[in-house]
Enquirer: 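Sharing a structure below in C-alpha cells format, with a few things to ask.
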Amino acid sequence: MMKIDSSNLTIATAFASVSQAESTRSPLGIKRMSGHICPQSGYWQMDNPVAKNVVNVKKGENLPWQNGYPVNWTLIKYDLSNE
C-alpha cells in the first residue's frame with residue numbers, strides 16, 4: 001500500500017488555482033476608453049504625453065473621465081487585493 005502525503009496535494013492545488021487566476025486576467029498593456037467597463041482590477045494610467053494620471057479601478061466599474069473628457073487608459077499593474 002502506498003501512503004499519500006497530503007502536504008504535496010495542498011501545494012499542487014494552490015499552484016493550480018494561482019495559474020488559473022493568472023490565465024483569466026486581462027494582459028498588462030490593454031487599453032480601454034473612459035466610460036467603458038473595466039475588464040481587470042488594477043492600476044490604469046492615462047494615455048497622455050502631458051499628464052500621466054494613474055487610478056485604481058475595480059473590475060466591473062466604469063473607467064473614469066478626465067475633466068469631463070474621454071481619455072484612453074492603459075492597464076499598468078494588477079490589484080491582486082480586488083480579485
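Residue numbers run from 1 in the order of the sequence given.
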Enquirer: Are Gln40 and Arg25 close enough that some pair of their side-chain heavy atoms sits under 4.5 Å apart?
Expert: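 They are in contact (side-chain heavy atoms under 4.5 Å apart), so the answer is yes.
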
Enquirer: So how far is it from Ile37 CD1 to Asn62 CG, rounded to the nearest 0.5 Å?
Expert: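 Taking CD1 in Ile37 and CG in Asn62, the distance rounds to 5.0 Å.
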
Enquirer: For Met46 and Gln66: C-alpha separation, side-chain torsions, deciding distance, then whether side-chain contact (heavy atoms from CB on, under 4.5 Å) applies.
Expert: CA-CA 9 Å; Met46 185 172 59; Gln66 185 68 29; 3.6 Å; yes

Enquirer: Using 0.5 Å steps for rounding, measure from the NZ atom of Lys31 to the NE2 atom of His36.
Expert: 14.5 Å

Enquirer: Using the side chain to side chain contact (heavy atoms under 4.5 Å, CB included) criterion, which residues pair with Val55? Sequence neighbours excluded.
Expert: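 Partners of Val55 by the side chain to side chain contact (heavy atoms under 4.5 Å, CB included) criterion, ordered by chain and then number, come out as Trp44, Val57, Pro64, Trp73.
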
Enquirer: Under 3.5 Å, is there a donor-acceptor pair between the Asn53 and Gln45 side chains?
Expert: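 Per modelled atom types, Asn53 and Gln45 side chains form no pair under 3.5 Å.
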
Enquirer: Any idea which heavy atoms bring Ile30 and Pro39 closest together, and the distance?
Expert: CD1-CG, 3.7 Å

Enquirer: For Lys58, which residues count as a side chain to side chain contact (heavy atoms under 4.5 Å, CB included) partner, sequence neighbours excluded?
Expert: Ser41, Glu61, Asn82

Enquirer: Distance check, rounded to the nearest 0.5 Å: Leu75 atom CG versus Leu28 atom CG?
Expert: 5.0 Å

Enquirer: With rounding to the nearest 0.5 Å, note down the distance linking CH2 in Trp65 to CE in Met33.
Expert: 8.0 Å

Enquirer: Is the backbone of Tyr43 close enough, under 3.5 Å, to the side chain of Tyr78 for a donor and an acceptor to pair up by distance?
Expert: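 Side chain of Tyr78 to backbone of Tyr43, a donor-acceptor pair under 3.5 Å: no, none is there.
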
Enquirer: Looking at CG of Asn56 and NZ of Lys77, how far apart are the two atoms once the value is rounded to the nearest 0.5 Å?
Expert: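 Output value for this atom pair is 9.5 Å.
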
Enquirer: Please walk me through it: do Ile76 and Val54 pass side-chain contact (heavy atoms from CB on, under 4.5 Å)?
Expert: CA-CA 9 Å; Ile76 59 169; Val54 175; 4.1 Å; yes

Enquirer: If you round to the nearest 0.5 Å, how far is SG of Cys38 from CG of Leu63?
Expert: 5.0 Å

